[in-house]
Number of protein chains: 2
Amino acid sequence: MKLQQLRYLVEVAKQGLNVSDAAEALHTSQPGISKQIRLLEDELGVQVFVRNGKRVVDVTAPGKEILKISERILREAKNLKRVAEEFVNEQEGGLVVATTHTQARYALPPTIHDFMQRYPGVKLSIKQGSPTQICEFVMDGSADIAIATEGIDQFPELAMLDCYSWNRSIIVPDNHPLLDLKGQLRIEDVAKYPIITYDFAFTGRSKINRAFESCGLAPNVVLTAIDTDVIKTYVGLGLGIGIVASMAFDVKRDVGLFAIDASHLFEPSTTHIGIRRDAYLRGYTYSFIERFAPHLTRAVVDAALNNKGED
Amino acid sequence: MKLQQLRYLVEVAKQGLNVSDAAEALHTSQPGISKQIRLLEDELGVQVFVRNGKRVVDVTAPGKEILKISERILREAKNLKRVAEEFVNEQEGGLVVATTHTQARYALPPTIHDFMQRYPGVKLSIKQGSPTQICEFVMDGSADIAIATEGIDQFPELAMLDCYSWNRSIIVPDNHPLLDLKGQLRIEDVAKYPIITYDFAFTGRSKINRAFESCGLAPNVVLTAIDTDVIKTYVGLGLGIGIVASMAFDVKRDVGLFAIDASHLFEPSTTHIGIRRDAYLRGYTYSFIERFAPHLTRAVVDAALNNKGED
DNA sequence: CGGCCTTACGCATGACGTAATGATT
DNA sequence: AATCATTACGTCATGCGTAAGGCCG
């Protein structure tokens with residue numbers, strides 16, 4: 001049994017049981033993969049893949065187990081390399097942060113700025129995607145940590161760390177009637193106007209829905225966007241009022257727009273970091289996390305990684 | 001990085017940093033190991049072993065991490081093979097049970113008898129040792145499950161399953177004054193006579209000590225043995241009275257000896273099964289466990305294996 | 001000097017790429 | 001006909017064993 005064979009196995013499964021695609025992904029020849037998989041199957045005495053004539057069409061029952069274990073082995077092998085790298089030069093390496101627009105645009109910049117100054121040797125990259133996508137990036141190893149408000153709890157294999165809580169604001173254009181409102185803003189006031197907010201499954205959208213539902217109101221959502229900049233643009237055009245994360249409003253930059261605090265209308269949301277429990281984290285990764293959320297010290301993170309269940 | 005290289009690494013560490021011994025243990029040449037380890041170190045860019053001139057004298061800090069991960073990888077590789085075997089023929093394979101004398105002699109025989117009839121294709125073997133030894137057998141993979149009363153809780157990496165509780169009896173030779181005692185046996189009565197019982201760290205010995213201590217008594221232990229047969233022999237010779245596991249007394253075989261129930265004098269002991277949490281168990285292993293302790297169904301065992309902490 | 005690790009060298013296995021064949025849709 | 005996997009084959013890498021060479025106690 002060789003590590004390569006396991007790599008082939010896993011890649012074929014990953015590529016939807018297509019050996020040719022796996023070969024391409026691994027920059028090798030397709031017959032090589034075919035043969036190695038066959039050799040491994042011979043050695044184990046079990047078929048991993050079901051072949052219909054000469055086509056791979058399914059994974060056998062033992063194959064499923066074998067794939068699971070193979071993935072674990074490969075992941076550990078990767079960890080091994082990381083441990084070595086860590087000791088070779090703890091100031092250099094890579095760090096891939098998968099996150100959503102809101103985090104990347106409003107929450108992360110100061111952290112990233114500091115981090116890059118402190119660790120100039122680390123190749124930091126940000127991978128933007130939907131909450132589900134970024135979790136999958138972390139799951140399949142193409143990103144190290146996920147930062148998002150939604151979706152991380154869907155993946156039991158990811159440890160979830162609370163970073164910070166935040167509230168929402170209503171943003172309106174100049175001269176909007178809501179600005180003249182006497183007393184505290186009520187949800188009924190908000191529901192009167194066409195609403196522009198986040199796409200479902202993004203940036204705490206579920207809490208917004210729930211707030212209206214619990215009052216028996218049906219908000220008139222005229223536009224859903226993935227990022228706050230789009231929302232602001234359309235609010236500026238007078239299409240409706242925006243419900244956005246408070247941190248996304250900048251009184252200086254967002255000329256012609258006004259924010260009204262809505263903390264009391266919607267439950268606060270919490271932004272989380274998601275990390276594979278079986279990942280080995282480089283020292284600077286802990287440092288990055290702690291810069292982003294100071295209470296998440298290395299000890300706290302390690303404790304969360306070792307907890308099997310929820311935090 | 002290759003699996004063999006990891007195997008070499010781990011074996012050298014296991015053999016007390018002696019490359020030649022590792023070579024012998026793995027049935028290969030010593031220069032081969034030397035070279036492969038060097039190649040791996042080159043690839044990783046880190047020394048795993050500290051060499052004093054041409055002698056391996058220590059493990060480096062990264063080496064410790066690397067060894068830990070390597071062991072995990074090799075264990076998973078072993079599991080992979082087992083999974084395959086399980087599917088090739090679920091009726092055949094090996095099962096190594098590490099246990100103490102008392103279990104092997106008195107508790108296990110019926111289980112083993114049944115098991116061998118049901119699974120004639122399984123090569124069952126019993127490895128006898130001290131509680132600590134048998135746990136180490138399971139830890140290093142030379143046994144699959146440990147069955148013992150003492151010691152398993154010392155190893156956090158082993159899942160511990162309760163099997164059954166048992167009590168003790170006092171065994172005395174014919175015509176012993178304790179046989180004429182009116183009323184219930186008291187611990188003070190026992191303490192009057194020279195005592196023969198288990199060696200420390202064996203078969204619930206700690207509970208025996210505690211019972212005397214809590215009454216402020218100092219028992220006169222004249223002989224400690226590892227197994228009950230030795231205890232009985234000396235009781236028969238009149239050297240003293242025995243304190244043994246009740247199940248170890250057989251009214252038919254043990255002629256000339258008499259047992260007096262002592263459940264009320266000593267806390268009951270519980271016999272446990274210890275299994276590595278990261279082991280893959282063959283189907284018949286679950287069956288063996290369930291035969292031994294019927295409440296330990298496959299589901300119960302799996303649940304215990306997946307629990308990180310204590311049961 | 002004796003154990004112990006490394007270097008040097010040669011062989012043989014085997015991993016991989018190219019080309020050709022066969023099966024499936 | 002196109003796609004995709006297997007078989008066949010040649011080449012090159014490399015793992016491993018033997019023999020020789022230093023280092024340490």
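The basis for the numbers below is simple: all heavy atoms, side chains too, and nothing from hydrogens, waters or symmetry mates. In what follows, chains carry the letters A, B, and so on, assigned in the order in which the sequence lines appear, proteins first and then strands, with residues in each chain numbered from 1.
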Residue B/Val56, side-chain atoms from C-beta onward, closest of D/dG15, C/dC16, C/dC5: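 Nucleotide nearest to B/Val56's side chain: C/dC5.
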Which nucleotide in C/dA15, C/dC5, D/dA19 has an atom nearest any side-chain atom of B/Lys54: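 So the side chain of B/Lys54 is nearest to C/dC5.
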Between CZ on residue B/Arg82 and CZ on residue B/Arg75, distance to nearest 0.5 Å: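 Here the rounded value is 11.0 Å.
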Atom-pair distance (CD on B/Gln47; P on C/dC5), nearest Å: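 Going from CD in B/Gln47 over to P in C/dC5 covers 15 Å.
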Side chain B/Arg51, main chain B/Phe49, donor-acceptor under 3.5 Å: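 Confirmed, B/Arg51 side chain pairs with B/Phe49 backbone.
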Any B/Asn18 side-chain nitrogen or oxygen under 4.0 Å from OP1 or OP2 of C/dC5: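 Yes, B/Asn18 has a side-chain N/O under 4.0 Å of OP1/OP2 on C/dC5.
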OP1 or OP2 of D/dT7 under 4.0 Å from side-chain N/O of A/Lys35: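 The answer is no; no side-chain N or O of A/Lys35 sits under 4.0 Å from OP1 or OP2.
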May I ask you to say what [X] touches in the nucleic acid, namely base, sugar-phosphate or nothing, with a heavy-atom cut-off under 4.0 Å?
X: B/Ser29; result: base
X: B/Gln30; result: base
X: A/Leu17; result: sugar-phosphate
X: A/Ile37; result: nothing

Contact summary for B/Thr100 and B/Ser130, nearest pair of heavy atoms: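 Shortest heavy-atom separation between B/Thr100 and B/Ser130 comes out as CG2-C, 4.5 Å.
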Residue whose nearest DNA chain C nucleotide is more 5′ - A/Asn52 or A/Tyr8: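 Result of the comparison: A/Tyr8.
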5' priority, DNA chain C, between A/Gly32 and A/Val57 [closest heavy atom]: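 Looking at the nearest nucleotide for each, A/Gly32 comes out on the 5' side.
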Base C/dT25 to side chain A/Arg55, donor-acceptor N/O within 3.5 Å cut-off: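 No, the side chain and the base share no sub-3.5 Å donor-acceptor pair.
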